[in-house]
Structures are given as structure tokens and as C-alpha cells.
Amino acid sequence: MDWLLAGWPTPLLEIAIAAAIVHCAAGLWATAIATRKGHRAGQWLLIGLIGGSFAVLLSRRLSDRTNP
């Protein structure tokens with residue numbers, strides 16, 4: 001882990017790691033919302049991990065496929 005700390009100032013690294021954790025948590029949340037609405041989990045996991053908070057907003061607007 002020393003090689004990583006050598007190139008980055010410590011506060012910036014901590015902020016980047018915290019932001020990545022929040023981004024991925026938002027992606028998992030978007031996946032849970034979309035899956036509950038009847039959409040495919042694998043597809044939404046990929047969308048969520050790339051899109052983060054924007055995927056949460058998009059998944060909230062999805063139509064419900066569980067009750068046709």
C-alpha cells in the first residue's frame with residue numbers, strides 16, 4: 001500500500017476512497033430499486049456501478065414490471 005500513498009497526498013486519497021464507496025453504494029441501491037420493480041439485476045448492477053447517483057434517479061422513474 002506504500003506505493004499508492006507515495007503518489008497521492010493522504011487527504012486526497014481518503015476523499016477519493018470515500019467517494020468511490022458512496023458511488024458504489026448508490027449503484028447497489030439503484031439495482032435494488034430496479035430489481036424490486038421487476039427489471040434485470042445484472043443489467044442494473046452494471047448501470048448502477050457506472051452511473052452511481054444518476055442511476056438511482058433513473059431507477060426511481062422506471063415502470064413497474066411486476067404488475068402488468
Side-chain angles (χ1 to χ4, degrees):
M1 194 72 169
D2 290 335
W3 60 272
L4 186 59
L5 293 176
W8 290 55
T10 303
L12 184 59
L13 178 62
E14 292 171 359
I15 291 171
I17 290 172
I21 290 171
V22 170
H23 181 84
C24 290
L28 291 173
W29 186 23
T31 302
I33 292 170
T35 303
R36 192 172 355 129
K37 290 185 175 189
H39 295 270
R40 294 189 299 163
Q43 176 185 7
W44 273 94
L45 182 62
L46 182 64
I47 292 169
L49 292 178
I50 292 172
S53 300
F54 296 110
V56 173
L57 298 175
L58 182 62
S59 67
R60 300 280 297 168
R61 297 183 50 102
L62 289 173
S63 61
D64 192 5
R65 288 187 176 177
T66 56
N67 298 326

**Prompt:** Taking it one step at a time, do Trp44 and Leu58 satisfy side-chain contact (heavy atoms from CB on, under 4.5 Å)?
**Reply:** CA-CA 10 Å; Trp44 273 94; Leu58 182 62; 3.8 Å; yes
**Request:** Can you see which heavy atom on Val56 is nearest to which on Ala30, and at what distance?
**Result:** N-CB, 3.7 Å
**Item:** From Arg40, Lys37, His39, residue fulfilling side-chain contact (heavy atoms from CB on, under 4.5 Å) relative to Arg65
**Value:** His39
**From Ile17 atom CD1 to Leu12 atom CG, the distance as rounded to the nearest 0.5 Å** = 10.0 Å
**Request:** Find out if a path of hydrophobic residues (ILVMFWY) with successive side-chain heavy-atom gaps under 4.5 Å connects Ile21 to Leu13.
**Result:** yes
**Prompt:** Can you tell me if Thr35 uses its side chain to pair, donor with acceptor, with the backbone of Ala32 under 3.5 Å?
**Reply:** no
**Request:** Please check if the side chain of His23 supplies one atom and the backbone of Ser53 the other of a donor-acceptor pair under 3.5 Å.
**Result:** no
